[in-house]
2 protein chains.
Amino acid sequence: MSGKELDPRKELILKVVTDDYIESAEPVGSRTIARKYNLGLSPATIRNEMADLEEIGYLKQPHVSAGRIPSQQGYRYYVDSLMKQQKLAEEELRIIKSYIESKSKELDALLQQTVKMLAQITRYPSLMLGPKLQPSVFKHVQLVPLNSYNILVLVVTNLGVIENKLITIDVPVEQGDLDRISNLLNKKLRGKTFGNLKSSVLAELKEEMAAHDDFFHKAICLLLNTLETRDKERIYLDGVINILEHPEFKEIEKFKPLMGMMEEEERLYKMLTDSSCRHGLRISIGEENQEEAAQECSIITATYNMKGRAVGTIGVLGPTRMDYSHVVAVVDFIAQYLSEILSEKKM
Amino acid sequence: MSGKELDPRKELILKVVTDDYIESAEPVGSRTIARKYNLGLSPATIRNEMADLEEIGYLKQPHVSAGRIPSQQGYRYYVDSLMKQQKLAEEELRIIKSYIESKSKELDALLQQTVKMLAQITRYPSLMLGPKLQPSVFKHVQLVPLNSYNILVLVVTNLGVIENKLITIDVPVEQGDLDRISNLLNKKLRGKTFGNLKSSVLAELKEEMAAHDDFFHKAICLLLNTLETRDKERIYLDGVINILEHPEFKEIEKFKPLMGMMEEEERLYKMLTDSSCRHGLRISIGEENQEEAAQECSIITATYNMKGRAVGTIGVLGPTRMDYSHVVAVVDFIAQYLSEILSEKKM
DNA sequence: GTTAGCACTCCCTGATGGCGAGTGCTAATT
DNA sequence: AATTAGCACTCGCCATCAGGGAGTGCTAAC
């Protein structure tokens, strides 16, 4: 009942119903279809086809005397087989490009702007995860004393990302000692890739370490620690207000669960990293979503790359009756363009 | 008509009406008051008083055959003169303290947790600004080459805060040179306060600079730059969903403007730093707010300190019919307690 | 296989009327 | 003079009801 191919006329009807419902948000009836789209079919014929489509699960009726709307399965078929690939308008391309380019200085601002722009163009809430940067070359380590008992450990990688941790010590250490240790570490580590670093070099360091004092020990441990605990990637969210424009959320009670979800990074994170198809474009419709609050919504995500490696995800959330073809086009393009821009960054 | 003192009985009635309306969200009538609170007055007398209070602008009627609700002026009088100072329950004190203490490691996490907790306790959206840290002592500067053309400039202050900027150069510089320059800078600057630094020391450095190459010049400029451009303080926001529990936002259209506001940091920032009474506790009622979207809301804010200097603001947003006395108590206490904790931090 | 016709379903809207909570006013009471 | 009881009146709220409209399923004709 699910994997079946539909005959062309059923496909046509399903497509028309879905398109119309996406646009109007009203259940669509046979008469409307016959009048609005010239299919050369009478309302009665269309009714029969719609009854069939309902029986096999692609359409449903809100109530018996209403028109039809797509079921979740209907949307799935629409998305997989019927939806026509949309080309973005010149205007949109221009906006997207200028937005992303103009802000290409600060990474964080770039991403924030990108999500805002995505929300503006699609008119749906938009989110973004990442990027998860994997530093590969060690550049610098520095121990900076803030006061007698607190020392800041800075680690700089080739990405220009700084990891920092504060450590507290019991016995005061002198500036000179710290500089000496910093220098020693740098001499050993500078230019090493992290692959090497973890295995060989640090082992070597640990041996030497034994010869030194307790503080040195602590510093090394911390260094290791710092390198291992990678922060969770930040989540960017914008355009939440857009979802209120859609009649499915006219009732505040329908909106509450979504609002609750959007205030919890953890849940957004899960949604964006959801199992199925981690790679490239993904469309989750209704109950296909793990996240309960989003089961009357659909989510379209795409991963973006840096130098060929997927580093983050960008996505759009809307009612199941969302404008799939447009959003897919936008999300896809932005992900690609963002990948280009990021890969160009000298890192 | 506004600065007037009310006679005791009018005050009593205004207080009772306000208390009741805050609790019930329903216009309160004379009979209700007579029955619920034993004032020793008949409904008719109360009616007369309420009519008076309406005439001089402290109460209003949603429609002619409904009970009364406080006007903005009524709330103002209530807040200034009638509201009784509330003591927090042991339970609440305990929760607040444990929340703030348990997270006292990472500053950012501490603040985030604090706002979340504030939203949970008050059941209103809560926000926080800051803190605006003013570093005073220079600790360390480091030039780290990321690749041939990009150099990362790190500046560490006594607060353990790291400013970093990327600079791009035309001519490759060698590691050794960078180290030499870093060392030189550190020797000159370490331990200096920023007050000194800007005036005397840097002037001196600039002279020496002339003797050195172009890159050195660039580095100094950047250093100065870095020290001058302070980031805008971050805004924390949590518990937006809470506002949906209140009947004044049952209609989505009432909520939209607020949602729009809460997605724009700039507007939140303005609200939190609003002119009137920058110091200590502030209550803005309804149209007293500059921000248009919040003119059917009230905002209660308090500043918090670090070592005696106000560094940030914490606040709660609710309908004008909000539980002023409870929120005031909570906000006030949290601001004070947070100040304590922050001031203890070794910085 | 398609379509016209028809009876039927069910939502939506607007009108109607009673109920209840509340008011203002007046006259009686303290 | 202040307070209160009584009463007529207002108005939002709610349930009820009827009519209209959009849509369906079924049957019979094309």
Side-chain angles (χ1 to χ4, degrees), chain A residues 6-14 16-21 23-71 74 247-248 250-251 254, chain B residues 6-14 16-21 23-71 74 247-248 250-251 254:
Chain A
L6 296 178
D7 71 66
R9 200 169 69 182
K10 284 202 172 51
E11 282 197 345
L12 181 61
I13 304 255
L14 177 55
V16 167
V17 169
T18 309
D19 280 336
D20 197 84
Y21 182 61
E23 195 196 318
S24 71
E26 299 286 333
V28 16
S30 53
R31 259 178 68 101
T32 316
I33 293 181
R35 232 185 308 122
K36 207 157 151 192
Y37 310 85
N38 289 335
L39 308 185
L41 295 173
S42 75
T45 311
I46 296 172
R47 271 205 292 285
N48 289 332
E49 292 287 25
M50 296 207 310
D52 290 353
L53 282 166
E54 178 164 7
E55 198 169 3
I56 55 178
Y58 291 89
L59 291 180
K60 62 184 181 184
Q61 276 180 301
H63 37 259
V64 57
S65 76
R68 301 305 208 293
I69 65 178
S71 67
E248 22 284 85
K250 216 176 46 202
E251 314 238 341
K254 288 283 182 184
Chain B
L6 295 177
D7 72 67
R9 199 169 70 183
K10 285 204 172 49
E11 282 197 344
L12 181 61
I13 304 256
L14 177 55
V16 167
V17 169
T18 309
D19 280 336
D20 198 85
Y21 182 60
E23 196 195 316
S24 70
E26 299 286 331
V28 17
S30 55
R31 259 177 69 101
T32 317
I33 292 181
R35 232 185 307 122
K36 206 158 152 192
Y37 311 84
N38 289 336
L39 307 185
L41 297 172
S42 74
T45 311
I46 296 173
R47 271 205 292 287
N48 289 331
E49 292 288 25
M50 295 208 312
D52 290 353
L53 282 166
E54 179 164 5
E55 197 170 0
I56 54 178
Y58 292 88
L59 292 180
K60 61 184 181 183
Q61 277 181 301
H63 35 259
V64 59
S65 76
R68 301 304 208 292
I69 65 178
S71 67
E248 11 304 72
K250 216 176 47 201
E251 314 239 341
K254 288 283 182 185

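Chain identifiers are assigned alphabetically (A, B, ...) following the order of the sequence lines, protein sequences preceding nucleic acid strands; residue numbering begins at 1 within each chain.
In this entry the distance linking CD of E49(A) with P of dG1(C) reads 11 Å, nearest Å. Atom P of nucleotide dA21(C) and atom CG of D20(B) are separated by 15 Å, given to the nearest angstrom. Put simply, CG on D52(B) is 14 Å from C1' on dT23(C), counting in whole angstrom units. Remark: C1' of dT3(C) and CZ of R9(A) are 12 Å apart, rounded to the nearest angstrom. Remark: C1' of dT23(C) and CD of E55(B) are 15 Å apart, rounded to the nearest angstrom. When the C1' atom of dA22(D) is taken as reference, atom CD1 of I46(A) falls 15 Å away, rounded to whole Å. Regarding I13(B), its CD1 atom lies at a distance of 15 Å from the C1' atom of dT23(C), rounded to whole Å. As rounded to whole Å, 15 Å separates atom P of dA22(D) from atom CE of M50(A).
Contacts with DNA chain C (heavy atom under 4.0 Å) in residues 60-67 of chain B: Q61(B), V64(B), S65(B), A66(B), G67(B), listed by number. Residues of residues 23-43 of chain A having a heavy atom closer than 4.0 Å to DNA chain D, listed by number: G29(A), S30(A), T32(A).
Under 4.0 angstrom from either OP1 or OP2 of dT24(D) there lies at least one side-chain N or O belonging to R68(A).
When E54(B), E26(B), E49(B) are each tested for a salt bridge (charged side-chain N to carboxylate O under 4.0 Å, His left out) with R68(B), only one passes: E54(B).
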Item to check | B/S/- contact track for nucleotides 25-30 of chain C, protein heavy atom under 4.0 Å | outcome: B-----

Would you list the atom pairs, donor with acceptor, under 3.5 Å between side chains in residues 29-39 of chain B and any protein atom, with sequence neighbours excluded?
unit_1	atom_1	unit_2	atom_2	d
S30(B)	OG	R47(B)	NH1	3.2
K36(B)	NZ	D20(B)	OD1	2.6
Y37(B)	OH	D20(B)	OD1	2.6

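Between Y21(B) and P70(B), the shortest heavy-atom contact is CD2-CD, 3.6 Å. Residues R9(A) and T45(A) approach most closely at NH2-CG2, 3.7 Å, considering heavy atoms. Across every non-hydrogen atom of L14(B) and L53(B), the tightest pair is N-CD1, 4.0 Å. Across G67(A) and P62(A), no two heavy atoms sit closer than the pair O-CD, 3.4 Å.
The nucleotide whose nearest atom lies closest to any side-chain atom of T45(B) is, among dG25(D), dT23(C), dT3(D), dT3(D).
Here K60(A) pairs with nothing under the salt bridge (charged side-chain N to carboxylate O under 4.0 Å, His left out) rule; sequence neighbours left out. With sequence neighbours excluded, the residues satisfying salt bridge (charged side-chain N to carboxylate O under 4.0 Å, His left out) with E248(B) are R321(B).
In this structure, I13(B) and L6(B) have side chains that are not in contact, with every pair of non-hydrogen atoms separated by 4.5 Å or more.
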Checklist entry - Can you list the steps and then say if Y58(B) with V17(B) is a side chain to side chain contact (heavy atoms under 4.5 Å, CB included)? => result CA-CA 11 Å; Y58(B) 292 88; V17(B) 169; over 6 Å; no

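Looking at Q61(B), its side chain does come within 3.5 Å of a backbone N or O of A66(B) through a donor-acceptor pair.
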